[in-house]
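First up is the structure itself, then whatever we jot down about it.
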Amino acid sequence: TIFFYAFKLCNTNLIFFKRVLSGVIDQIILIALSLILLLVFNGILKLVGFYIAEREPMFFILYVITNILYGPICKLSKLNTTIGTKINFK
């Protein structure tokens, strides 16, 4: 029974680290997506003749918006889950 408990504890730790890793992967994707959106938004503004004076707050706003919308959009897509979870729990 001690081996079963050790195996169960090891399996629980493995699942925990997989979930943490999938969260980290999702956050890396969100940071990259926010940077891309910032560059696109900046490019559109430059075409009109404007520019973003403070990039860090604008990046934070885009990061929060993408962080709010990322989960529901991924769950409604063909993936049915986030990309980090799909990669980690094949």
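Please read all numbers here as calculations on a predicted model, not as lab measurements. Computed from heavy atoms alone, side chains included, the values below leave out hydrogens, waters and symmetry copies.
Taken to the nearest 0.5 Å, the CG atom of Leu33 stands 13.5 Å off from the CD1 atom of Ile28. Between atom CG of residue Leu35 and atom CZ of residue Arg55 there is a gap of 10.5 Å, rounded to the nearest 0.5 Å. The distance from atom OG1 of Thr82 to atom NZ of Lys86, rounded to the nearest 0.5 Å, is 10.0 Å.
A single hydrophobic cluster is seen to contain both Ile31 and Leu38, as judged by linkage of ILVMFWY side chains at heavy-atom distances under 4.5 Å, directly or through other members.
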Side chains of residues 56-77: which donor-acceptor pairs under 3.5 Å do they make with residues two or more places apart or in other chains?
unit_1: Tyr63; atom_1: OH; unit_2: Gln27; atom_2: OE1; d: 2.2
unit_1: Thr66; atom_1: OG1; unit_2: Ser34; atom_2: OG; d: 3.0
unit_1: Thr66; atom_1: OG1; unit_2: Leu62; atom_2: O; d: 3.0
unit_1: Thr66; atom_1: OG1; unit_2: Tyr63; atom_2: O; d: 3.0
unit_1: Tyr70; atom_1: OH; unit_2: Asp26; atom_2: OD1; d: 3.0
unit_1: Tyr70; atom_1: OH; unit_2: Ile83; atom_2: N; d: 3.2
unit_1: Ser77; atom_1: OG; unit_2: Cys74; atom_2: O; d: 2.7
unit_1: Ser77; atom_1: OG; unit_2: Leu79; atom_2: N; d: 3.3

In a table with atom names and distances, give each donor-acceptor pair under 3.5 Å that connects a side chain of residues 41-52 to protein atoms at least two apart or in another chain.
none

